[in-house]
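Below, read A as the first sequence line, B as the second, and so on, with proteins coming before strands; counting in each chain starts at 1.
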Amino acid sequence: MADKITSRSQDYSQWYIDLVRSAKLADYSDVRGCMVIRPNGYAIWEKMQAALDRMFKETGHVNAYFPLFIPESYIAKEAEHIEGFAPECAVVTHGGGEELTEKLYVRPTSETIIWASYKKWIQSYRDLPILINQWANVVRWEMRTRLFLRTAEFLWQEGHTAHATREEASEEVMRMIGIYKKFAEEYMALPVIMGRKTDSEKFAGADETYCIEAMMQDGKALQAGTSHHLGQNFAKAFDCQFQTAEGRLDHVWATSWGVSTRLIGALIMAHSDDRGLVLPPKLATRQVVIIPILRGDRSAVLAGAETIARTLNQQGIPAFVDGSEQNSPGWKFAEYELQGIPLRIEIGPRDLAENKCIAARRDTLEKTELALDDTLPLRISEILNNIQQNLFDKALQFRTDNTREVSTYEEFRLAVEKGFVIAHWDGTAETEAKIKEETKATIRVLPAEDDYIQQYSMNEPGTCIFSGNPAKQKVVFAKAY
RNA sequence: CGGGGCAUGGCGCAGUUGGUAGCGUGCCUGCUUUGGGAGCAGGAGGUCCCGAGUUCGAGUCUCGGUGCCCCGACCA
């Protein structure tokens with residue numbers, strides 16, 4: 001046995017760390033809070049990027065790149081923004097051996113430097129909308145870090161759009177959070193609740209923040225993506241006005257939205273098990289590993305394996321053969337399970353004689369015999385689709401099983417230790433803060449999707465779980481990452 | 001920023017009253033193996049985190065420093 005992973009039941013947090021390291025997704029760096037994303041981890045990010053980037057382009061967005069360094073005076077322009085971000089910023093004070101006349105902030109997010117440009121680019125309503133996305137790294141000097149979930153430097157995409165009206169910006173905010181939900185559910189097989197954040201949880205400088213919130217296997221919530229309505233806050237801070245069709249001057253309306261490499265952490269914590277990573281096929285660079293059992297007529301077995309790989313690759317199913325003789329088949333089984341390859345095919349002399357092979361799926365660990373004929377690629381793609389669907393179904397079932405509606409604060413305190421809690425809230429920040437102080441649970445989301453609202457009758461008025469005051473609606477509470 | 005832990009071959013660890021460093025795994029070579037992390041034999045590999053001190057002698061004792069991890073408060 002090589003890298004042994006701590007079991008989830010024994011220590012969930014340690015399980016996560018062991019998994020990330022032994023599946024070679026990421027490694028610690030000697031720089032505090034920073035990580036090295038290894039090829040196995042980066043491959044997942046590349047799959048995510050490809051799918052998201054396509055979805056952004058399909059909705060009219062274009063990519064650009066803005067500088068890593070932001071002048072201090074820019075960051076300082078939006079009061080709430082600097083208050084929120086300044087404490088966690090890295091600041092460059094020297095360059096070329098000289099002290100800089102103005103300090104440069106390493107971007108924690110790019111609103112300010114982008115709006116300094118937008119101010120130059122926008123004069124008329126004819127210049128709007130601007131729909132720009134950038135793929136970049138950002139730095140936030142976090143107190144405490146966790147691989148993928150929270151690191152001092154991370155990779156993300158940030159969309160920054162400029163609009164002529166509040167309504168148009170609102171539509172953009174909802175369109176993008178909708179895309180994130182679609183991506184999470186269709187690609188990551190991760191069910192999410194889409195909705196709004198309370199004021200205390202919203203982005204520094206935003207009027208409104210929408211999010212997608214997911215449940216991890218320990219019942220805790222993870223914010224997987226955000227979309228912000230920035231109102232005219234940044235336009236005002238940067239004096240960015242435009243002339244309307246009617247000839248009036250107005251400040252530009254803004255949105256920003258992002259997802260980060262944190263999604264990789266979400267993916268791991270949602271689906272993986274004590275044997276290692278479990279990857280949804282749509283995010284697996286390598287979907288099928290073929291392991292020849294090299295006994296008897298080795299070259300025939302190896303040729304059989306290669307033929308399967310070639311056939312699958314021709315059908316667009318990424319497959320590869322591990323025919324190395326350095327490791328035993330058993331070793332390879334364990335290794336590729338650790339790495340989360342969705343499907344394994346075993347083929348040996350016995351199979352070859354009977355013109356079949358064994359398929360073992362990563363999610364359920366079930367083994368099936370498959371005939372080696374023209375139907376093989378189809379059967380395999382069916383299994384892969386089935387894995388993708390099964391992961392989503394399982395995660396959704398888990399979320400449902402670990403979501404509880406409560407009507408008393410006593411019930412609340414117990415339930416919130418085990419998952420999501422649906423409860424009435426009086427809408428005040430005071431109540432929210434006290435609940436957080438006493439239970440560590442926060443309001444994760446005010447759901448904004450019909451199915452979820454109906455399922456838990458979120459809009460039904462009632463009595464606040466904490467204060468006993470009238471409450472217009474229920475909200476989702478949970479402990480969060 | 002508080003509390004705790006760790007620092008010794010690539011990785012994981014042991015190292016007793018101070019005496020010149022060892023185990024597992026991985027790596028290299030060869031042979032035998034191969035349907036759930038194979039076996040045997042041989043081999044390579046270490047500034048013991050850094051600095052100072054005590055001592056004939058420090059991985060070990062003393063003082064100082066650094067780094068990382070974990071748990072909490074803050075955050076995507």
Classify [X] by what it touches in the nucleic acid, base, sugar-phosphate, or nothing, heavy-atom distance under 4.0 Å.
X: Leu222(A); value: nothing
X: Ser13(A); value: sugar-phosphate
X: Arg275(A); value: base

May I ask you to evaluate whether [X] reaches the phosphate of [N], defined as a side-chain N or O under 4.0 Å from OP1 or OP2?
X: Lys440(A); N: A73(B); answer: yes
X: Tyr28(A); N: A7(B); answer: no
X: Ser328(A); N: A38(B); answer: yes

Look only at the side chain of [X] and the backbone of [Y], and say whether a donor-acceptor pair between them is shorter than 3.5 Å.
X: Glu78(A); Y: His81(A); value: yes
X: Tyr42(A); Y: Ala26(A); value: no
X: Ser272(A); Y: Val278(A); value: yes

Practice item. Kindly say whether, by distance alone, the side chain of Arg344(A) makes a donor-acceptor pair under 3.5 Å with the base of G36(B)? Key: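 Yes, the side chain and the base share a sub-3.5 Å donor-acceptor pair.
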
[atom1] spacing across the pair [N] / [M], given as an integer number of angstrom:
N: G42(B); M: G4(B); atom1: P; value: 48 Å
N: U66(B); M: G30(B); atom1: C1'; value: 46 Å
N: G3(B); M: C40(B); atom1: P; value: 50 Å
N: G2(B); M: G10(B); atom1: P; value: 34 Å
N: G53(B); M: A44(B); atom1: P; value: 36 Å
N: G59(B); M: U32(B); atom1: C1'; value: 41 Å

Picking from [options], which would you name as closest to the side chain of [X]?
X: Asp351(A); options: G35(B), C74(B), G37(B); value: G35(B)
X: Arg298(A); options: U33(B), C70(B), G37(B); value: U33(B)
X: Lys436(A); options: C70(B), A38(B), C74(B); value: C74(B)
X: Glu325(A); options: C70(B), G35(B), U33(B); value: U33(B)
X: Pro349(A); options: G35(B), G36(B), A38(B); value: G35(B)
X: Arg350(A); options: G37(B), U34(B), G35(B); value: G35(B)

What is the distance, rounded to the nearest whole Å, between atom [atom1] of [X] and atom [atom2] of [N]?
X: Glu437(A); N: G72(B); atom1: CD; atom2: P; answer: 17 Å
X: Ile5(A); N: G37(B); atom1: CD1; atom2: P; answer: 16 Å
X: Met35(A); N: C69(B); atom1: CE; atom2: C1'; answer: 16 Å

Point to revise | Which residue lies more 5' along RNA chain B, comparing Lys202(A) with Lys367(A) via nearest heavy atoms | key: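 Of the two residues, Lys367(A) wins.
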
Practice item. Evaluate the side-chain proximity of Phe154(A) to Met35(A): yes if any heavy-atom separation is below 4.5 Å, no if none is. Key: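 The answer is no; the side chains never approach within 4.5 Å.
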
Practice item. Please say which of Arg361(A), Arg362(A), Lys367(A) ends up in a side-chain hydrogen bond (donor to acceptor under 3.5 Å, both in side chains) with Thr364(A). Key: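 So, applying the side-chain hydrogen bond (donor to acceptor under 3.5 Å, both in side chains) to Thr364(A) and each of Arg361(A), Arg362(A), Lys367(A), only Arg361(A) qualifies.
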
Exercise for review: Could you check which nucleotide pairs with C6(B) in any of the strands shown, counting Watson-Crick or G-U wobble with both distances under 3.5 Å?
Suggested key: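 Base-paired to G67(B).
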
